[in-house]
Amino acid sequence: MVTWLFSSVKFSGLLCKYKRELNLNYLQNRYLVNIKLKWVKDKDLDTVVSTEKDLKAVCFLVSIISSSPDCCLPIYRLRCHRRQLGLPHDVKMSTFIRRYPSIFHETHILDTGGTRVPSFGLTREAMELNEEQIYVLQQCWMDLRSRLCRLLMLTSGSTLPLQTIDQLRWDLGLPYDYWNSFIPNHQDLFSFVQLRDDRVGLKLLSWDSDLAVSELQKNAASQQMEEDIRNGCLAFPIGFTRGFGLRRRCMDWLKEWQKLPYTSPYFDASHLDPRTDVSEKRLVGVFHELLHLTLQKKTERKNVSNLRKPFSMPQKFTKVFERHPGIFYISKKGDTQTVILREAYDGDKLLQKHPLVCIRERFASMLKKGQLDRSRGLYKKEDQFGHFHHLEVEETQYSSEEASDYNLLSEYDSESDGPIDNRC
């Protein structure tokens, strides 16, 4: 009797497995449906991007200056970081810094030729806020470590070039000099490795199964139907811009697409045919998880362009952003494209704010207030004779900057602009 029951259970299990394989084979034969959904402007999400103009570059400069011995650096010391800051080619470093007198305090030093050179430190308010940011960063150390681990776990070899991580460090909340201040404190988890193309990469040394659970899976219990959870057919939260106007054919396709099996972005998906809807759903799941790893649930589209090989993606993989505007929104503000996770926002408000995001919002308020006060002539600057006068609205160019660069850059050739992964 016991033998008969055991045989029945075993047969039932094999039958279920056979049915699942048949179902997967059927779904694998369902090739991508030729659906193209229109892009509709979302003013609220565009505001999220536009209010952060120059914020990343300013915060990175604050970190660089505050880490110097005197908390003050001459312009030629700052110029070597220009590439990493992402400043436009037609904007001089000194011009950019002078836009924000509420953050940066300008003085002068003499170069080796006796020429006065602009030097920049931090205002008292900026120094106090930066100290608070350092404290918050230390409190969030474990959270940032988890985010970096999960990012590496999304890759096929648990390895990413430092150049790729550099592009995502702001979004992940990592310190500007994470390779020097953060990674060495976790040598049991991370290791620097030499890649085949001679670049330096970061490798995750141990896999944590507790971290290999996507946000969609974590929220499934409260947001999904029990039957869908059992079948593994998890659906993504969907929301459209007001007045989007989805056609019936598109609605039917989207409903069927949501019912397809969900493959965790942390699992191997090499068995999936990249030309099918099932594979596309897995692709959407990877970017859904990647955006959840960011502090503000968004990143510039160009930041993911180098993830195709590490993430084992097909060609033109970023097309999923256009095909699923109910999940992702592409903002075209700021001369770039920013991909935003819709479900993370209510209008222009981030639903769950990380402590570091609150610090950034305060920096953004300082930038806005400083520019307003500057336009009213409330800031003063020192001239070449040591006298102070009101700062003009138009940028004042320092001829001594070019002269000092000519005299001094020969002494600091290693600090000139170079590849993005150069360490200055």
Side-chain angles (χ1 to χ4, degrees), residues 51-82 84-85 87 91-110 116-141 170 173-178 180-181 295 353-396 398 400-401 404 424:
T51 54
E52 293 186 358
K53 183 180 182 295
D54 296 339
L55 179 62
K56 179 169 69 172
V58 166
C59 288
F60 280 167
L61 278 171
V62 168
S63 298
I64 294 167
I65 293 174
S66 65
S67 62
S68 64
D70 300 325
C71 291
C72 189
L73 288 172
I75 189 64
Y76 58 81
R77 287 286 190 183
L78 294 172
R79 286 191 62 186
C80 70
H81 300 278
R82 178 189 181 90
Q84 291 93 326
L85 298 177
L87 299 183
V91 177
K92 293 173 59 178
M93 176 70 79
S94 57
T95 300
F96 175 80
I97 295 175
R98 292 186 187 115
R99 289 177 182 172
Y100 303 107
S102 59
I103 304 291
F104 304 106
H105 173 65
E106 181 177 354
T107 56
H108 297 85
I109 63 171
L110 297 179
R116 291 169 58 83
V117 179
S119 184
F120 297 95
L122 301 178
T123 62
R124 180 178 56 82
E125 294 82 2
M127 290 183 66
E128 291 176 353
L129 186 53
N130 183 61
E131 289 174 359
E132 187 173 343
Q133 178 176 241
I134 293 174
Y135 174 77
V136 171
L137 193 63
Q138 292 172 345
Q139 299 298 112
C140 300
W141 218 240
W170 167 261
L174 296 174
Y176 180 82
D177 61 341
Y178 68 93
N180 184 47
S181 63
L295 300 186
K353 286 188 180 180
H354 192 278
L356 286 174
V357 174
C358 298
I359 296 291
R360 292 176 180 181
E361 288 179 344
R362 290 168 61 185
F363 267 116
S365 297
M366 287 181 64
L367 297 185
K368 185 176 180 180
K369 181 179 182 300
Q371 281 192 307
L372 182 61
D373 290 344
R374 176 178 173 275
S375 66
R376 295 171 177 172
L378 298 182
Y379 285 97
K380 298 179 180 180
K381 76 172 188 178
E382 182 183 3
D383 63 19
Q384 59 180 334
F385 303 107
H387 301 139
F388 289 88
H389 56 86
H390 287 288
L391 189 64
E392 300 293 338
V393 176
E394 296 297 329
E395 300 292 350
T396 303
Y398 278 74
S400 61
E401 181 179 341
S404 64
C424 296

- Message: Minimum heavy-atom separation for I65 and G121, please, with both atom names.
- Response: CG2-CA, 4.0 Å
- Query: By side-chain contact (heavy atoms from CB on, under 4.5 Å), which residues pair with T123, not counting sequence neighbours?
  - Reply: H105, E125, A126
Nearest 0.5 Å, what's the [atom1]-[atom2] distance between [X] and [Y]?
X: F120; Y: I64; atom1: CZ; atom2: CD1; value: 13.5 Å
X: R79; Y: L87; atom1: CZ; atom2: CG; value: 11.0 Å
X: L55; Y: L367; atom1: CG; atom2: CG; value: 6.0 Å
X: L78; Y: F104; atom1: CG; atom2: CZ; value: 8.5 Å
X: S67; Y: D177; atom1: OG; atom2: CG; value: 6.5 Å
X: L85; Y: C80; atom1: CG; atom2: SG; value: 9.5 Å

- Going through the checks in order, is the side-chain contact (heavy atoms from CB on, under 4.5 Å) test met by C72 and T107? CA-CA 9 Å; C72 189; T107 56; 4.0 Å; yes
- Message: Are F60 and Y176, when compared by the centres of their aromatic rings, separated by less than 6.0 Å?
- Response: yes
- Item | For S66, all residues meeting side chain to side chain donor-acceptor pair (under 3.5 Å), sequence neighbours excluded | N130
- Message: Just to verify, what does E132 make a side chain to side chain donor-acceptor pair (under 3.5 Å) with, not counting sequence neighbours?
- Response: R362
Side chains of [X] and [Y]: does their closest heavy-atom pair fall under 4.5 Å?
X: R98; Y: P118; result: yes
X: P175; Y: L137; result: yes
X: C140; Y: H354; result: yes

- Item | Heavy atoms from other residues, nucleotides or ligands near CE of M127 exceed 12 (cutoff 6.0 Å) | no
- Would R82 and F96 satisfy side-chain contact (heavy atoms from CB on, under 4.5 Å), going step by step from the backbone distance to the final call? CA-CA 11 Å; R82 178 189 181 90; F96 175 80; over 6 Å; no
- Query: Would a distance-only check, ignoring hydrogens and angles, find a side-chain to backbone donor-acceptor pair under 3.5 Å from S119 to H108?
  - Reply: no
- Full working for side-chain contact (heavy atoms from CB on, under 4.5 Å) between Q133 and L129: CA-CA 6 Å; Q133 178 176 241; L129 186 53; 5.8 Å; no
